[in-house]
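Bear in mind that the values here come from a model prediction, so they are computed numbers and not experimental data. Just so we're on the same page: letters track the sequence lines, and every chain starts at 1.
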Number of protein chains: 2
Amino acid sequence: MSAANVIPLLAGTPALFNPQARVCAECGIRKHALFGALDLTALDQIHVQIATIRLAPGQLLYSAQAPGQAAYTVRSGVVRLERLNERGERRILRLGGRGDTLGMEAMLGQSYAADAVACTEVEVCRLPRSLVDELTRDQVELARDMMRRWQRALDDADEWLTELCAGPARHRMLRLLLKLSEYADGQAVWLPSRLEMSAMLDMTIETASRTLAQLKREGVLEAPDQKHALIHMDVLLDALRRDAAEA
Amino acid sequence: MSAANVIPLLAGTPALFNPQARVCAECGIRKHALFGALDLTALDQIHVQIATIRLAPGQLLYSAQAPGQAAYTVRSGVVRLERLNERGERRILRLGGRGDTLGMEAMLGQSYAADAVACTEVEVCRLPRSLVDELTRDQVELARDMMRRWQRALDDADEWLTELCAGPARHRMLRLLLKLSEYADGQAVWLPSRLEMSAMLDMTIETASRTLAQLKREGVLEAPDQKHALIHMDVLLDALRRDAAEA
DNA sequence: CGTTTACTTGATAGGTATCAAAACGCGTGG
DNA sequence: CCACGCGTTTTGATACCTATCAAGTAAACG
């Protein structure tokens with residue numbers, strides 16, 4: 001068990017010969033990601049290509065109705081899941097950030113249920129359908145891990161529905177800011193365009209703009225540039241509490 | 001392979017000795033339900049109790065936050081999943097009908113994500129957590145089936161969000177009626193109380209009442225009694241189309 | 001049959017959509 | 001570097017939809 005060509009982090013674990021296994025083992029989000037459940041030896045047995053994909057803001061990761069061939073784990077950035085309702089309006093269902101898995105319906109041979117579009121610069125791992133088919137056969141833990149991912153998606157959907165779809169515009173906007181702060185990787189939070197906000201909160205662009213302007217005046221957030229915001233959590237939480245109190 | 005004590009439907013298949021297996025094999029919704037994936041022999045190996053539970057309208061099946069010990073498959077009736085948002089309002093997330101599986105988060109050792117309450121008279125099968133734990137170990141197909149169920153719940157959640165949470169009250173009410181007709185077992189559709197409608201569509205009781213009254217006048221539905229409705233699909237679909245056209 | 005609860009209807013206020021126009025940010029090419 | 005043009009955001013005025021408050025009516029229940 002020579003540790004010569006093993007990266008320091010893995011010293012003491014078996015050497016990995018499969019180059020892809022190396023990449024996955026080194027991945028910063030492995031413990032949160034789909035294969036976190038696999039031990040390193042199992043990782044080494046992956047023969048299928050796990051590709052890393054980079055997307056610019058606005059680029060499509062996959063589109064609704066398309067036959068799904070892969071799921072994707074977000075390594076960095078924010079992806080939005082959106083679909084058109086029957087009146088032809090674009091509705092954003094939820095967001096995917098670091099560690100989230102998107103398009104799992106592909107694993108079941110189904111077509112994608114929504115469009116997935118990059119909101120920021122995004123890096124995802126592509127997990128081909130066949131890979132999971134293979135691995136679930138003898139890795140029971142992987143099956144459980146996938147179920148946990150489905151449940152997480154469901155929890156996200158439920159929370160989106162209860163908190164972002166009801167109440168006055170101001171309150172929904174506050175909740176959105178709270179949610180966005182979950183996806184921050186640094187100090188600055190990604191601030192969606194007004195069009196995106198309106199599609200998330202079911203309001204017009206104008207109302208989104210007005211509401212946000214008001215919150216800026218109240219000191220809930222500052223926007224150094226168009227696409228980033230500094231959110232003052234204490235002020236935000238205070239505003240939410242006052243909201244709830246008088247409602 | 002004597003067929004003497006085997007019910008006609010199963011002639012030609014191995015005899016089932018486990019009494020519970022008999023009940024499941026005879027279940028009308030088996031092909032849609034969680035164990036549809038299991039062959040009859042596997043069914044026979046179930047040692048755990050699968051209880052049938054009957055609920056009256058308004059009765060609680062399980063409640064949010066409670067440590068989940070079982071999932072439930074709906075055999076008949078309609079169950080609502082609801083939770084309180086942070087402003088203390090009750091929000092109905094979605095409905096569960098014949099063949100739907102609820103509370104699957106219990107299978108993962110998580111607590112329930114929402115309250116489950118019977119809307120009509122309801123019959124469900126209780127699937128203890130341990131049962132699925134046991135079976136997924138050697139029944140790969142069961143694991144896949146459960147994943148399909150999670151995906152189905154997610155699809156439901158997404159549809160609810162895109163179609164029932166956006167647009168004017170009248171349109172949301174029309175979509176609700178369309179959805180309710182999916183849960184009908186006969187001619188008559190279960191008609192929720194105005195309070196329930198308001199919690200599903202994020203509107204007040206008064207608006208729900210007014211909107212529905214208007215649709216009755218337009219001949220979209222008739223209500224023979226308080227809790228049932230006859231929906232005229234052609235009129236309904238027409239109304240939805242006209243909606244979309246002028247929007 | 002009275003009492004309670006759910007539903008309906010009306011009048012009004014308030015929030016949001018709509019329509020319109022101005023200000024701003026940003027990339028491009030002069 | 002600045003001017004230009006385009007898309008986005010902001011702001012204003014008005015109309016419309018829905019919430020709210022308030023009665024009144026119908027249905028459920030003891």
K.L.:
Among residues 202-215 of chain B, which ones have heavy-atom contacts with DNA chain C below 4.0 Å?
P.N.:
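Contacting residues: B:Glu206, B:Ser209, B:Arg210, B:Ala213.
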K.L.:
Checking A:Arg80 side chain against A:Gly96 main chain: does a donor-acceptor pair fall under 3.5 Å?
P.N.:
no
K.L.:
Can A:Asp155 and A:Arg152 be counted as an ion pair, charged N to O under 4.0 angstrom?
P.N.:
no
K.L.:
Mind checking if A:Lys227 touches a base, just sugar-phosphate, or nothing, with heavy atoms under 4.0 Å?
P.N.:
nothing
K.L.:
So does B:Leu180 get a backbone contact from the side chain of B:Trp190, meaning a donor-acceptor N/O pair under 3.5 Å?
P.N.:
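Checking the backbone N and O of B:Leu180 against the side chain of B:Trp190, no donor-acceptor pair under 3.5 Å is found.
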K.L.:
Parallel, tilted or perpendicular for A:Tyr72 and A:Tyr62, by the 30°/60° rule?
P.N.:
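Parallel: the ring planes of A:Tyr72 and A:Tyr62 meet at under 30°.
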K.L.:
Output yes when A:Arg242 and A:Glu218 qualify as a salt bridge under the 4.0 Å nitrogen-oxygen rule, no when they do not.
P.N.:
no
K.L.:
Have B:Gln151 and B:Arg148 got a donor and an acceptor in their side chains that come within less than 3.5 Å?
P.N.:
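No - no donor-acceptor pair under 3.5 Å links their side chains.
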K.L.:
With heavy-atom distances below 4.5 Å as the criterion, would you say the side chains of B:Leu178 and B:Leu237 are in contact?
P.N.:
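The answer is yes, as the side chains (C-beta and beyond) meet within the 4.5 Å cut-off.
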K.L.:
Please determine if A:Arg172 and A:Asp202 form a salt bridge, counting it only when a charged side-chain N lies under 4.0 Å from a carboxylate O.
P.N.:
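Not counted as a salt bridge, because no side-chain N and carboxylate O are separated by less than 4.0 Å.
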K.L.:
Give a yes or no on whether a salt bridge exists between B:Arg175 and A:Glu86, defined as a side-chain N under 4.0 angstrom from a carboxylate O.
P.N.:
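Result for this pair is yes, salt bridge flagged.
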K.L.:
Mind checking the CD-CD1 spacing from B:Glu82 to B:Ile92? Nearest 0.5 Å is all I need.
P.N.:
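Answer rounded to 0.5 Å: 5.5 Å.
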K.L.:
Tell me, please, the opening and closing nucleotides of DNA chain C, 5' to 3', among those with an atom under 4.0 angstrom from a non-hydrogen atom of chain B.
P.N.:
C:dC7 to C:dA11
K.L.:
Does anyone know the first and last nucleotide of DNA chain D in reach of chain A, 5' to 3', at under 4.0 angstrom to a heavy atom?
P.N.:
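Answer, 5' to 3': D:dT9 to D:dA13.
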